[in-house]
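Everything quoted here is computed from the prediction, not taken from an experiment. Letters A, B, ... are given to chains in the order of the sequence lines, protein chains preceding strands, and every chain is numbered from 1.
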Protein chains: 2
Amino acid sequence: MTLNPPESEMNVSLMLFYSLNKTLRTIQKSLETAIRSYGLNATEFSVVRLLYSMGNQPIQKIGDKISIASSSTTYVIDKLEKKVLLERIPCPNDRRIVWASLTPKGRQLMDAIFPNYTAAVHKVLDGLNFDEKKEFITTLKKLDRYAENFK
Amino acid sequence: MTLNPPESEMNVSLMLFYSLNKTLRTIQKSLETAIRSYGLNATEFSVVRLLYSMGNQPIQKIGDKISIASSSTTYVIDKLEKKVLLERIPCPNDRRIVWASLTPKGRQLMDAIFPNYTAAVHKVLDGLNFDEKKEFITTLKKLDRYAENFK
DNA sequence: ATCGATTATCTCGAATTCGTACTAATTTTA
DNA sequence: TAAAATTAGTACGAATTCGAGATAATCGAT
C-alpha cells in the first residue's frame with residue numbers, strides 16, 4: 001500500500017467502513033420482523049440456518065461461523081435444545097467434541113419457514129440486479145480475504 | 001422484481017447477505033484491538049467518533065445514527081460522561097432535548113487516536129484500490145437506499 | 001387555549017453477550 | 001511414553017443491549 005496515503009484515500013476508506021456498517025444494519029433490521037415471527041431471534045436463526053444448510057456441526061464450529069464467543073454458543077444451543085429444535089450428540093471418535101444436530105421438529109420448522117426467509121432476503125436486496133449482486137459478492141470476498149490477514 | 005425468481009437468483013441474494021455479514025465481522029474484529037487500546041469499546045468509540053466528526057448531537061440522533069436502542073444510548077452516554085469524555089447539555093429551545101458534547105478531554109483523546117484509527121481502517125481495507133472502493137461505496141449506498149423501503 | 005398525539009429521554013428488569021477460568025480429552029514434543 | 005501444550009465445551013459473573021413503560025415537553029388540530 002501507499003506509505004503515506006493522501007487524505008482523500010483515507011477518507012474513502014472511512015466512508016467505506018461506515019457504509020458497510022450502515023447498509024448491513026438496514027438490511028438486518030428489515031429482516032428482523034420475519035425472523036421474530038418464526039419464534040427465533042437473529043442468533044438462534046443463524047444457528048438453525050447453519051445446521052439446515054450445512055448439516056450437523058461441532059459446537060465449536062458454529063461459534064466460529066457465526067462469530068460469537070464460545071460461552072455465547074453454549075447459551076444459544078441450550079435455548080434451542082430447550083425448544084427441541086436441536087440436540088447435542090457426543091462425538092464418539094473425539095470425546096471433547098459435541099455435535100449439534102437439528103431434531104425432526106427443527107428440520108420441519110426450517111422446511112416451513114426457509115422459503116419465506118429466502119424470499120424476504122431476496123426482496124430487500126432487490127436494489128441490485130443479478131449481475132450487480134454477483135460482482136458485489138466478488139468484491140466482498142476480496143475485501144474479506146484481505147482483511148483476514150489482520151485478525 | 002421478478003415474480004418468481006429462479007432458484008439461483010434467490011441463492012445469490014442469500015450469498016450476498018452472508019458475505020456482507022462475514023466481511024463486516026472480519027473487518028470489525030481486526031479493528032477491535034486498536035479501539036480497545038484507546039480504553040473504549042466499539043459502541044463508545046462510535047459515539048465519540050460521531051461527535052468528533054459531526055459536532056454536538058442530540059442524544060436521540062446518536063442512537064439513530066449508530067443504530068442502538070434509546071435505553072442503550074443512555075447507558076453509553078452515562079459511561080462516557082463518567083469518563084469525562086463528553087457532557088450532557090440541556091437544549092434551551094426545546095427542553096425535551098439533551099445535547100451530547102465532547103469535553104476538551106474527549107476532543108484531546110480523539111486528536112490523539114483518530115489518525116491511528118484512520119490508518120488502521122485504511123490498512124485493513126487495502127484489499128481494494130481507490131477506484132474499487134469508490135464504486136463499492138456507490139453500490140453499498142444503492143443497496144441501503146433500497147433496503148430502507150422495508151424498515 | 002386546550003386536549004390528544006408525538007417526541008426525547010430515562011428507569012428498570014430481562015435477555016443476550018462476553019471474558020475468564022475450569023474440566024476433560026487429545027495431540028505434541030522431548 | 002510422560003509431561004506440556006492445545007482443543008472443545010461449560011460455568012459463572014460482569015458488561016452490554018434491549019423492550020416496555022414512565023415522565024416531561026412540545027406540537028397540532030380544533
Just by modelled atom types, is the A/Phe17 backbone N or O under 3.5 Å from a matching donor or acceptor in the A/Asn21 side chain?
-> yes

How many Å lie between [atom1] on [X] and [atom2] on [N], as a whole number?
| X | N | atom1 | atom2 | answer |
| --- | --- | --- | --- | --- |
| B/Ile68 | C/dA8 | CD1 | P | 16 Å |
| A/Ile59 | D/dT7 | CD1 | P | 18 Å |
| B/Ile66 | D/dC18 | CD1 | C1' | 14 Å |
| B/Ile89 | C/dA8 | CD1 | C1' | 17 Å |
| B/Asp94 | D/dG28 | CG | P | 12 Å |
| B/Ile77 | D/dT16 | CD1 | P | 14 Å |
| B/Asp78 | D/dT17 | CG | P | 13 Å |
| A/Asn56 | D/dA8 | CG | P | 17 Å |

Does one hydrophobic cluster hold both B/Ile27 and A/Tyr18, with members joined at side-chain heavy-atom distances below 4.5 Å?
-> no

Near-ring test B/Phe45/B/Tyr117, centroid separation under 6.0 angstrom = yes

With rounding to the nearest 0.5 angstrom, report the [atom1] to [atom2] distance, [X] to [Y].
| X | Y | atom1 | atom2 | answer |
| --- | --- | --- | --- | --- |
| B/Gln28 | B/Thr26 | CD | OG1 | 9.5 Å |
| B/Asn116 | B/Tyr38 | CG | OH | 3.5 Å |
| B/Leu24 | A/Ser19 | CG | OG | 11.5 Å |

Less than 4.0 angstrom between a side-chain N/O of [X] and OP1 or OP2 of [N], yes or no?
| X | N | result |
| --- | --- | --- |
| A/Thr74 | D/dT10 | yes |
| B/Arg88 | C/dC10 | yes |
| B/Asn41 | D/dT16 | yes |
| A/Lys79 | C/dA15 | no |
| A/Tyr75 | C/dT16 | yes |

Hey, does A/Thr43 reach any base, or is it just sugar-phosphate, or nothing, if we go heavy atoms under 4.0 Å?
-> sugar-phosphate

Classify the nucleic acid contact of A/Asn93 as base, sugar-phosphate or nothing, counting any heavy atom under 4.0 Å across all strands shown.
-> sugar-phosphate

Kindly say whether, by distance alone, the side chain of B/Ser70 makes a donor-acceptor pair under 3.5 Å with the base of C/dC10?
-> yes

Any donor-acceptor N/O pair under 3.5 Å between C/dG19 base and A/Ser71 side chain = yes

Identify, between A/Arg36 and A/Thr73, the residue whose nearest nucleotide on DNA chain D lies closer to the 5' end.
-> A/Thr73

Of A/Val98 and A/Glu32, the one whose closest DNA chain D nucleotide lies more 5' = A/Val98

A/Pro58 has its side chain closest, among D/dG9, C/dT17, C/dA25, to D/dG9

If each of A/Arg96 and B/Ile97 is mapped to the nucleotide of DNA chain C with the nearest heavy atom, which maps nearer the 5' terminus, i.e. the 5' end?
-> B/Ile97

